[in-house]
Participant: 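Quick one: the structure is below, questions incoming.
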Amino acid sequence: MLPQKKAHIIVVSNEKGGTGKSTISMHLAVSLMMEGFRVAVVDLDGRQGTLSKYIANRIKFCHHRNLKLPVPELVTYAPQEDSDLILASKENINRRIKELSGEFDAVIIDTPGTKNYLFEEAHRHADTLITPMTDSLIDLNVMADIDFESSTIGRPGHYASFIWEIKKQMAAEGRPYLNWIVVGNKTSPYNSRNKNAVFEYLEKLGKLFGFRFTPGLKDRLIYKELFLEGLTVLDMQHEKLKMRMTMSHLAAKREIRSIAEFICPEEESKSA
(Lines give C-alpha, C1' and ligand atoms only; values in the text may rest on other atoms or scores of the structure.)
Protein backbone atom coordinates (compact mmCIF):
# COMPACT_ATOMS: atom_id res chain seq x y z
CA MET A 1 0.00 0.00 0.00
CA LEU A 2 1.31 3.45 -0.93
CA PRO A 3 1.90 5.92 1.91
CA GLN A 4 -0.79 8.54 2.40
CA LYS A 5 0.02 11.94 0.95
CA LYS A 6 1.37 14.56 3.30
CA ALA A 7 3.94 16.52 1.27
CA HIS A 8 3.12 19.85 -0.31
CA ILE A 9 3.72 19.42 -4.04
CA ILE A 10 5.13 22.41 -5.91
CA VAL A 11 5.17 22.26 -9.69
CA VAL A 12 7.43 24.75 -11.50
CA SER A 13 6.12 25.10 -15.00
CA ASN A 14 5.79 27.17 -18.13
CA GLU A 15 5.05 25.93 -21.63
CA LYS A 16 8.23 27.61 -22.79
CA GLY A 17 11.92 27.01 -22.20
CA GLY A 18 14.47 29.49 -20.90
CA THR A 19 12.37 31.01 -18.13
CA GLY A 20 14.60 29.85 -15.26
CA LYS A 21 12.50 26.97 -13.91
CA SER A 22 15.48 24.93 -12.73
CA THR A 23 17.09 27.90 -10.96
CA ILE A 24 13.88 28.57 -9.03
CA SER A 25 13.42 24.86 -8.25
CA MET A 26 16.94 24.48 -6.84
CA HIS A 27 16.91 27.67 -4.80
CA LEU A 28 13.46 26.93 -3.43
CA ALA A 29 14.50 23.39 -2.46
CA VAL A 30 17.59 24.64 -0.61
CA SER A 31 15.61 27.42 1.05
CA LEU A 32 13.05 24.95 2.40
CA MET A 33 15.75 22.54 3.57
CA MET A 34 17.49 25.35 5.44
CA GLU A 35 14.18 25.89 7.25
CA GLY A 36 14.26 22.26 8.36
CA PHE A 37 11.89 20.72 5.81
CA ARG A 38 12.58 17.41 4.07
CA VAL A 39 12.57 18.06 0.33
CA ALA A 40 12.62 15.92 -2.81
CA VAL A 41 12.87 17.22 -6.36
CA VAL A 42 11.64 15.54 -9.53
CA ASP A 43 13.32 16.48 -12.81
CA LEU A 44 10.85 15.67 -15.58
CA ASP A 45 13.07 17.30 -18.19
CA GLY A 46 15.60 14.50 -17.96
CA ARG A 47 16.66 14.79 -21.59
CA GLN A 48 18.07 18.26 -20.93
CA GLY A 49 18.61 17.50 -17.24
CA THR A 50 19.44 21.02 -16.05
CA LEU A 51 18.19 20.45 -12.50
CA SER A 52 19.80 16.99 -12.33
CA LYS A 53 23.11 18.48 -13.45
CA TYR A 54 22.74 21.27 -10.87
CA ILE A 55 22.40 18.73 -8.07
CA ALA A 56 25.24 16.57 -9.45
CA ASN A 57 27.49 19.66 -9.41
CA ARG A 58 26.47 20.29 -5.80
CA ILE A 59 27.27 16.74 -4.69
CA LYS A 60 30.64 16.89 -6.46
CA PHE A 61 31.48 20.26 -4.90
CA CYS A 62 30.62 19.04 -1.41
CA HIS A 63 32.69 15.89 -1.89
CA HIS A 64 35.79 17.78 -3.04
CA ARG A 65 35.50 20.34 -0.24
CA ASN A 66 34.49 17.82 2.45
CA LEU A 67 31.50 20.05 2.99
CA LYS A 68 27.98 19.34 4.18
CA LEU A 69 25.28 21.33 2.39
CA PRO A 70 21.59 20.44 2.14
CA VAL A 71 21.02 18.27 -0.94
CA PRO A 72 17.46 17.31 -1.91
CA GLU A 73 16.49 13.81 -2.95
CA LEU A 74 16.51 13.65 -6.76
CA VAL A 75 14.35 11.63 -9.13
CA THR A 76 14.80 12.08 -12.88
CA TYR A 77 12.62 11.06 -15.82
CA ALA A 78 13.16 11.47 -19.55
CA PRO A 79 10.31 11.29 -22.09
CA GLN A 80 9.53 8.00 -23.84
CA GLU A 81 8.24 7.77 -27.38
CA ASP A 82 6.76 4.27 -27.61
CA SER A 83 3.08 4.25 -26.53
CA ASP A 84 3.53 1.22 -24.26
CA LEU A 85 6.58 2.79 -22.61
CA ILE A 86 4.67 6.05 -22.14
CA LEU A 87 1.89 4.24 -20.27
CA ALA A 88 4.41 2.45 -18.04
CA SER A 89 6.26 5.72 -17.49
CA LYS A 90 3.05 7.51 -16.41
CA GLU A 91 2.26 4.76 -13.92
CA ASN A 92 5.81 4.81 -12.57
CA ILE A 93 5.84 8.60 -12.20
CA ASN A 94 2.49 8.73 -10.41
CA ARG A 95 3.51 5.92 -8.06
CA ARG A 96 6.87 7.55 -7.30
CA ILE A 97 5.36 10.98 -6.60
CA LYS A 98 2.89 9.38 -4.19
CA GLU A 99 5.76 7.57 -2.47
CA LEU A 100 7.73 10.80 -2.15
CA SER A 101 4.63 12.50 -0.77
CA GLY A 102 4.65 10.11 2.14
CA GLU A 103 8.37 10.49 2.82
CA PHE A 104 9.00 14.23 2.47
CA ASP A 105 7.48 17.54 3.56
CA ALA A 106 7.73 19.08 0.09
CA VAL A 107 8.14 17.71 -3.42
CA ILE A 108 9.27 20.15 -6.12
CA ILE A 109 8.65 19.09 -9.72
CA ASP A 110 10.62 20.77 -12.51
CA THR A 111 8.75 20.33 -15.79
CA PRO A 112 9.86 20.30 -19.45
CA GLY A 113 9.60 23.52 -21.44
CA THR A 114 7.28 21.84 -23.95
CA LYS A 115 3.96 20.15 -23.38
CA ASN A 116 4.21 16.37 -23.33
CA TYR A 117 2.83 13.59 -21.12
CA LEU A 118 5.45 14.31 -18.42
CA PHE A 119 4.39 17.96 -18.39
CA GLU A 120 0.72 16.99 -18.12
CA GLU A 121 1.20 14.37 -15.39
CA ALA A 122 3.10 16.81 -13.19
CA HIS A 123 0.22 19.29 -13.05
CA ARG A 124 -2.23 16.64 -11.87
CA HIS A 125 -0.32 16.47 -8.57
CA ALA A 126 0.16 20.20 -7.95
CA ASP A 127 -0.84 21.90 -4.72
CA THR A 128 1.12 25.01 -5.71
CA LEU A 129 1.99 25.93 -9.29
CA ILE A 130 4.83 28.38 -9.90
CA THR A 131 5.01 29.79 -13.43
CA PRO A 132 8.14 31.84 -14.19
CA MET A 133 7.68 34.50 -16.89
CA THR A 134 10.37 36.68 -18.47
CA ASP A 135 9.83 40.37 -19.16
CA SER A 136 9.23 39.74 -22.87
CA LEU A 137 5.91 40.88 -24.29
CA ILE A 138 6.14 38.02 -26.80
CA ASP A 139 6.22 35.44 -23.98
CA LEU A 140 2.83 36.69 -22.76
CA ASN A 141 1.26 34.80 -25.68
CA VAL A 142 1.24 31.58 -23.64
CA MET A 143 -1.07 33.35 -21.18
CA ALA A 144 -3.39 35.31 -23.46
CA ASP A 145 -3.95 36.74 -26.91
CA ILE A 146 -3.12 40.43 -26.37
CA ASP A 147 -3.53 43.31 -28.81
CA PHE A 148 -0.70 45.56 -27.66
CA GLU A 149 -1.84 48.43 -29.89
CA SER A 150 -5.16 48.73 -28.09
CA SER A 151 -4.04 47.04 -24.82
CA THR A 152 -6.93 44.60 -25.26
CA ILE A 153 -6.77 41.16 -23.66
CA GLY A 154 -8.42 38.50 -25.82
CA ARG A 155 -8.87 34.77 -25.41
CA PRO A 156 -6.66 32.76 -23.02
CA GLY A 157 -3.40 31.40 -24.41
CA HIS A 158 -2.67 27.69 -24.70
CA TYR A 159 -0.91 27.47 -21.34
CA ALA A 160 -3.59 29.39 -19.43
CA SER A 161 -6.24 27.22 -21.10
CA PHE A 162 -4.41 24.09 -19.98
CA ILE A 163 -4.24 25.32 -16.39
CA TRP A 164 -7.97 26.10 -16.51
CA GLU A 165 -8.63 22.46 -17.45
CA ILE A 166 -6.42 21.32 -14.58
CA LYS A 167 -8.39 23.53 -12.18
CA LYS A 168 -11.68 22.06 -13.39
CA GLN A 169 -10.33 18.54 -12.93
CA MET A 170 -9.19 19.34 -9.40
CA ALA A 171 -12.60 20.80 -8.55
CA ALA A 172 -14.32 17.68 -9.90
CA GLU A 173 -12.11 15.55 -7.66
CA GLY A 174 -12.93 17.72 -4.62
CA ARG A 175 -9.34 18.88 -4.24
CA PRO A 176 -8.38 22.27 -2.75
CA TYR A 177 -8.11 25.29 -5.03
CA LEU A 178 -4.82 25.40 -6.96
CA ASN A 179 -2.39 27.92 -5.51
CA TRP A 180 -1.14 29.39 -8.80
CA ILE A 181 1.72 31.89 -8.61
CA VAL A 182 3.22 33.65 -11.62
CA VAL A 183 6.74 34.94 -11.03
CA GLY A 184 8.45 37.65 -13.07
CA ASN A 185 11.71 35.81 -13.66
CA LYS A 186 15.06 36.47 -15.37
CA THR A 187 13.95 40.08 -15.64
CA SER A 188 16.18 43.07 -16.20
CA PRO A 189 17.60 44.55 -12.98
CA TYR A 190 16.80 47.96 -14.41
CA ASN A 191 13.44 49.67 -14.55
CA SER A 192 12.15 49.77 -18.12
CA ARG A 193 8.91 50.55 -19.91
CA ASN A 194 8.87 47.05 -21.41
CA LYS A 195 9.23 45.30 -18.05
CA ASN A 196 6.62 47.56 -16.46
CA ALA A 197 4.20 46.78 -19.30
CA VAL A 198 4.69 43.02 -18.85
CA PHE A 199 4.15 43.28 -15.10
CA GLU A 200 1.00 45.38 -15.59
CA TYR A 201 -0.44 42.82 -17.99
CA LEU A 202 0.37 39.98 -15.58
CA GLU A 203 -1.40 41.81 -12.75
CA LYS A 204 -4.49 42.14 -14.98
CA LEU A 205 -4.30 38.52 -16.16
CA GLY A 206 -4.02 37.35 -12.57
CA LYS A 207 -7.43 38.80 -11.81
CA LEU A 208 -8.91 37.14 -14.90
CA PHE A 209 -7.27 33.71 -14.60
CA GLY A 210 -6.93 33.33 -10.84
CA PHE A 211 -3.23 33.55 -10.13
CA ARG A 212 -1.13 35.77 -7.86
CA PHE A 213 1.76 37.66 -9.41
CA THR A 214 5.06 38.57 -7.79
CA PRO A 215 8.40 39.83 -9.13
CA GLY A 216 10.90 36.97 -8.94
CA LEU A 217 14.57 36.59 -9.79
CA LYS A 218 16.44 39.25 -11.71
CA ASP A 219 18.71 38.19 -14.58
CA ARG A 220 21.92 38.06 -12.54
CA LEU A 221 25.27 36.57 -13.58
CA ILE A 222 25.67 35.07 -10.11
CA TYR A 223 23.00 32.43 -10.82
CA LYS A 224 24.93 31.14 -13.84
CA GLU A 225 28.22 31.14 -11.95
CA LEU A 226 26.86 29.28 -8.93
CA PHE A 227 25.30 26.60 -11.14
CA LEU A 228 28.77 25.32 -12.09
CA GLU A 229 29.47 24.48 -8.44
CA GLY A 230 25.93 23.47 -7.58
CA LEU A 231 25.59 26.35 -5.16
CA THR A 232 22.81 28.81 -4.47
CA VAL A 233 22.98 32.38 -3.18
CA LEU A 234 21.73 30.98 0.13
CA ASP A 235 24.95 28.95 0.53
CA MET A 236 27.35 31.85 0.08
CA GLN A 237 27.53 32.77 3.77
CA HIS A 238 28.25 29.23 4.92
CA GLU A 239 30.98 29.34 7.56
CA LYS A 240 33.32 27.13 5.49
CA LEU A 241 32.79 29.04 2.27
CA LYS A 242 32.82 32.63 3.46
CA MET A 243 32.14 33.99 -0.02
CA ARG A 244 32.04 37.75 -0.36
CA MET A 245 28.45 38.99 -0.55
CA THR A 246 27.89 42.04 -2.74
CA MET A 247 24.74 44.14 -2.73
CA SER A 248 23.60 42.20 -5.80
CA HIS A 249 24.05 38.89 -3.97
CA LEU A 250 22.12 40.12 -0.96
CA ALA A 251 19.32 41.32 -3.24
CA ALA A 252 19.26 37.89 -4.94
CA LYS A 253 18.97 36.24 -1.52
CA ARG A 254 16.00 38.46 -0.66
CA GLU A 255 14.35 37.51 -3.98
CA ILE A 256 14.53 33.81 -3.12
CA ARG A 257 13.19 34.36 0.39
CA SER A 258 10.36 36.46 -1.04
CA ILE A 259 9.24 33.68 -3.42
CA ALA A 260 9.34 31.09 -0.62
CA GLU A 261 7.23 33.33 1.63
CA PHE A 262 4.82 34.16 -1.21
CA ILE A 263 3.82 30.49 -1.49
CA CYS A 264 2.14 30.75 1.91
CA PRO A 265 1.08 34.32 2.65
CA GLU A 266 1.20 35.39 6.30
CA GLU A 267 -2.52 36.06 6.44
CA GLU A 268 -3.27 32.52 5.21
CA SER A 269 -0.91 30.88 7.70
CA LYS A 270 -2.55 32.80 10.54
CA SER A 271 -6.03 31.70 9.55
CA ALA A 272 -5.04 28.07 9.03
Side-chain angles (χ1 to χ4, degrees), residues 10-32 45 48 50-51 54 108 110-114 128-148 151 153 156-160 163 179-228 231-236 245-265:
I10 302 168
V11 174
V12 184
S13 161
N14 188 340
E15 203 172 336
K16 183 185 181 305
T19 57
K21 297 188 299 294
S22 298
T23 300
I24 284 184
S25 297
M26 185 64 173
H27 279 76
L28 187 56
V30 171
S31 176
L32 291 173
D45 197 8
Q48 182 170 333
T50 304
L51 182 58
Y54 205 148
I108 300 172
D110 186 20
T111 64
T114 55
T128 291
L129 171 64
I130 298 178
T131 300
M133 296 283 297
T134 67
D135 53 4
S136 166
L137 288 168
I138 296 174
D139 290 355
L140 285 174
N141 289 334
V142 301
M143 301 297 288
D145 182 12
I146 300 174
D147 184 340
F148 297 112
S151 299
I153 297 175
H158 50 275
Y159 180 74
I163 302 304
N179 180 28
W180 186 12
I181 300 168
V182 173
V183 176
N185 208 49
K186 295 181 71 174
T187 58
S188 169
Y190 307 106
N191 202 17
S192 69
R193 186 168 63 178
N194 187 77
K195 183 172 75 172
N196 290 338
V198 170
F199 283 11
E200 286 175 10
Y201 276 117
L202 288 174
E203 291 281 5
K204 293 177 183 177
L205 291 172
K207 296 173 182 176
L208 291 173
F209 299 157
F211 62 77
R212 293 182 294 135
F213 170 71
T214 183
L217 309 184
K218 302 291 194 304
D219 190 14
R220 303 181 190 275
L221 179 61
I222 186 63
Y223 292 123
K224 301 179 180 68
E225 294 175 338
L226 291 174
F227 171 85
L228 299 175
L231 299 176
T232 71
V233 291
L234 305 175
D235 301 308
M236 294 181 67
M245 297 285 287
T246 66
M247 293 300 292
S248 177
H249 300 155
L250 292 172
K253 187 175 180 179
R254 285 194 297 270
E255 290 166 4
I256 294 297
R257 297 292 190 194
S258 178
I259 293 175
E261 291 171 1
F262 201 76
I263 292 175
C264 184

Participant: Are any of the side-chain heavy atoms of I163 and W180 separated by less than 4.5 Å?
Facilitator: yes
Participant: Counting distance only, does the side-chain N/O of T187 pair as donor-acceptor with the main-chain N or O of T134 below 3.5 Å?
Facilitator: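 Not a single qualifying donor-acceptor pair exists.
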Participant: If we ignore hydrogens and angles and just use 3.5 Å, is the side chain of R212 paired with the main-chain N or O of F262 as donor and acceptor?
Facilitator: yes
Participant: Measure the shortest side-chain to side-chain distance between V182 and M143 over non-hydrogen atoms and say whether it is less than 4.5 angstrom.
Facilitator: yes
Participant: Does any part of the side chain of I153, heavy atoms only, come nearer than 4.5 Å to the side chain of L205, both counted from C-beta?
Facilitator: yes
Participant: Are the side chain of E255 and the backbone of K218 linked by a donor-acceptor contact shorter than 3.5 Å?
Facilitator: yes
Participant: Are any non-hydrogen side-chain atoms of D110 and M26 less than 4.5 angstrom apart?
Facilitator: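 D110 vs M26: side chains apart.
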Participant: Is the side chain of N14 donor-acceptor paired with the backbone N or O of M133 at a distance under 3.5 Å, no angle test?
Facilitator: no
Participant: According to the salt bridge (Lys or Arg N to Asp or Glu O under 4.0 Å) rule, which pairs have a member within residues 136-148, sequence neighbours left out?
Facilitator: K16-D139
Participant: Can you name the nearest heavy-atom pair linking G20 to K186, along with the distance?
Facilitator: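 Here G20 and K186 meet closest at N-CD, 3.6 Å.
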Participant: Roughly how far apart are I10 CD1 and T128 OG1, rounded to 0.5 Å?
Facilitator: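 If I round to the nearest 0.5 Å, the distance is 5.5 Å.
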Participant: Taking atom types as modelled, find out whether Y54 and S25 have a side-chain donor-acceptor pair closer than 3.5 angstrom.
Facilitator: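 There is no such pair between these side chains.
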Participant: Can you tell me how far the CG atom of N194 sits from the OG atom of S188, to the nearest 0.5 Å?
Facilitator: 9.5 Å
Participant: If you look only at pairs with a residue in residues 191-202, which of them pass as a salt bridge (Lys or Arg N to Asp or Glu O under 4.0 Å), with sequence neighbours excluded?
Facilitator: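 As it turns out, there is no salt bridge (Lys or Arg N to Asp or Glu O under 4.0 Å) pair with a partner in residues 191-202 once direct neighbours are skipped.
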Participant: With a 4.5 Å limit on heavy-atom distance, are the side chains of V183 and L217 in contact?
Facilitator: no
Participant: Which heavy atom in P112 sits nearest to a heavy atom in K21, and how many Å separate them?
Facilitator: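 P112 and K21 have their closest heavy atoms at O-CE, 4.1 Å.
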Participant: Ignoring hydrogens and angles, tell me if any N or O in the side chain of H27 forms a donor-acceptor pair with the backbone of V233 under 3.5 Å.
Facilitator: yes
Participant: Looking only at heavy atoms, what is the nearest atom pair of R257 and S31, with distance?
Facilitator: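 Closest approach of R257 to S31, heavy atoms only: NH1-OG, 3.5 Å.
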Participant: To check you understand the geometry: which heavy-atom pair defines the closest contact between S248 and R220, and what is its length?
Facilitator: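 Closest heavy-atom pair between S248 and R220: OG-NH1, 3.1 Å.
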Participant: Would you check if L234 and K253 make a side-chain contact, meaning some heavy-atom pair closer than 4.5 Å?
Facilitator: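 Yes, side chains in contact.
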Participant: Is there a donor-acceptor pair under 3.5 Å between the side chain of D135 and the backbone N or O of V198?
Facilitator: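 Such a contact is absent between D135 side chain and V198 backbone.
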Participant: Can you establish whether the number of heavy atoms outside K224 located under 6.0 Å from its atom NZ is more than 12?
Facilitator: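 Check passes, neighbour count above 12.
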Participant: Give me the atom names and distance for the closest heavy-atom approach of G184 to F199.
Facilitator: CA-CE1, 4.1 Å
Participant: With side chain to side chain contact (heavy atoms under 4.5 Å, CB included) as the test, would you mind laying out the steps for I259 and I181 before giving the verdict?
Facilitator: CA-CA 9 Å; I259 293 175; I181 300 168; over 6 Å; no
Participant: Shortest non-hydrogen contact from S151 to Y201?
Facilitator: CA-OH, 3.3 Å
Participant: Is it the case that the side chain of Y223 and the backbone of T232 share a donor-acceptor pair, with hydrogens and angles ignored and the cut-off at 3.5 Å?
Facilitator: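 Between the backbone of T232 and the side chain of Y223 there is no qualifying donor-acceptor contact (under 3.5 Å).
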Participant: Not counting sequence neighbours, which residues clear side-chain hydrogen bond (donor to acceptor under 3.5 Å, both in side chains) with Q48? List them please.
Facilitator: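 In terms of side-chain hydrogen bond (donor to acceptor under 3.5 Å, both in side chains), with neighbours along the sequence ignored, Q48 is linked to T50.
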Participant: Establish, from distance only, whether the side-chain atoms of N185 and T19 form a donor-acceptor pair under 3.5 Å.
Facilitator: no
Participant: Starting from the C-alpha separation in whole Å, work towards a yes-or-no answer on side chain to side chain contact (heavy atoms under 4.5 Å, CB included) for I130 and L28.
Facilitator: CA-CA 11 Å; I130 298 178; L28 187 56; 3.8 Å; yes
Participant: Look at the side chain of N179 and the backbone N and O of I263, then say whether any donor-acceptor pair between them is shorter than 3.5 Å.
Facilitator: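 Yes, because the side chain of N179 sits within donor-acceptor range (under 3.5 Å) of the backbone of I263.
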Participant: Give a yes or no answer on whether the side chain of S13 reaches the backbone of T131 with a donor-acceptor pair at less than 3.5 Å.
Facilitator: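 Between the backbone of T131 and the side chain of S13 there is no qualifying donor-acceptor contact (under 3.5 Å).
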